[in-house]
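Here the structure is laid out as structure tokens; the discussion comes afterwards.
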Amino acid sequence: MQFSGVLFDMDGVLVDTDQAIADLWNQLASEHGLTISERDFAAHVYGCVPEHTVETVFAPLAPPDRAKVLTRVRESEPGLAFTPFPHACELVHDLAGAGVPLALVTGASATRADRALRTLGLAGLFATTVTWGESARGKPAPDCYLLTARRLELPPAACLVFEDTSGGVRAATAAGATCVAVSRLDPAPLRASGARHAVPGFEAVSFRRQAAGAVLTVADREDLHIGSTTGHRPVPPTTATDPEGGSPCR
């Protein structure tokens, strides 16, 4: 298959935030006498924008109380802790060095996304980022991926997406993109949501540079050819140190 750009989700793909996200939402639910099931976390929390979570999981609350929950999330979300996943940042550097247009498409706030990119040493490698609130609807709606494709000036079908949740996979495929799911648990729900492939981590994705772009081999099953875009300036791989004292990926 041939692509012209690669789009990455952040939470669950580049960085591990599952515990921090769970702690935040469980605390808010407890304060209002609610509990969040594992099924609700999978369907309505992970990979979804906070508005979706509040509208679904916190539906029993009166509108003013739901508004307070959303305000609490806005206040707490930028400081959520995270750790990088192995091999993720290396792949971003390799693709950027090959001149492949890259984008970050995340339900995280711009503040948290910027902090993560600086911490990981990835600042400046993405041609565009789409964060919480920039599209009319968040994941699982396709709006964020349609917006990203427009910013990259690429048709959605020319975009390869890495996602980790059913909502994210549905958003990407509904936009017309091809999705590779990064699943460290049962990949079946992600395949059912439309993922073309599911890998346990980026150690299962091999990179090979070619004259005009790169080839990604996914789980030793399929070569995905990604061409660099004319006029896109390749970004040389660099090692960065986060000014806030975090640890870069490489």
Next item on the list: Decide side chain to side chain donor-acceptor pair (under 3.5 Å) for D23 and Q19; before the verdict, give the C-alpha distance in whole Å, the side-chain angles of both, and the deciding distance to 0.1 Å.
Entry: CA-CA 6 Å; D23 289 346; Q19 191 59 55; 2.8 Å; yes
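- A donor-acceptor pair under 3.5 Å links the side-chain atoms of E134 to the main chain of T131, judged by distance alone.
- At distances below 3.5 Å, at least one donor-acceptor pair connects side-chain atoms of R66 with backbone N or O atoms of L61.
- The pair D9-K139 meets the salt-bridge criterion, with a side-chain N (NZ, NE, NH1 or NH2) lying under 4.0 Å from an Asp/Glu carboxylate O.
- Within 6.0 Å of the CD atom in E153, the count of heavy atoms belonging to other residues, nucleotides or ligands does not exceed 12.
- We find that D11 and R112 are joined by a salt bridge, their nearest charged nitrogen and carboxylate oxygen being less than 4.0 Å apart.
- In the model, E77 has no side-chain atom that pairs as donor or acceptor with a side-chain atom of W132 under 3.5 Å.
- Not a single donor-acceptor pair under 3.5 Å links the side chain of T17 to the backbone N or O of A20.
- Taking the six-membered ring for Trp and thresholds of 30 and 60 degrees, H44 and H52 have ring planes inclined between 30 and 60 degrees apart.
- For S30 (side chain) and N26 (main-chain N/O), no donor-acceptor pair under 3.5 Å exists by modelled atom type.
- Using a distance-only test at 3.5 Å, with no hydrogens or angles considered, no donor-acceptor pair links the side chain of R209 to the main chain of L95.
- Between R72 and E31 a salt bridge is recorded (basic side-chain N to carboxylate O distance below 4.0 Å).
- Using modelled atom types, one side-chain atom of R151 and one backbone atom of T129 make a donor-acceptor pair closer than 3.5 Å.
- The nearest pair of heavy atoms linking D143 to R137 is OD1-NH2, 2.9 Å.
- Using cut-offs of 30° and 60° on the angle between ring planes, the pair F162 and F8 is parallel.
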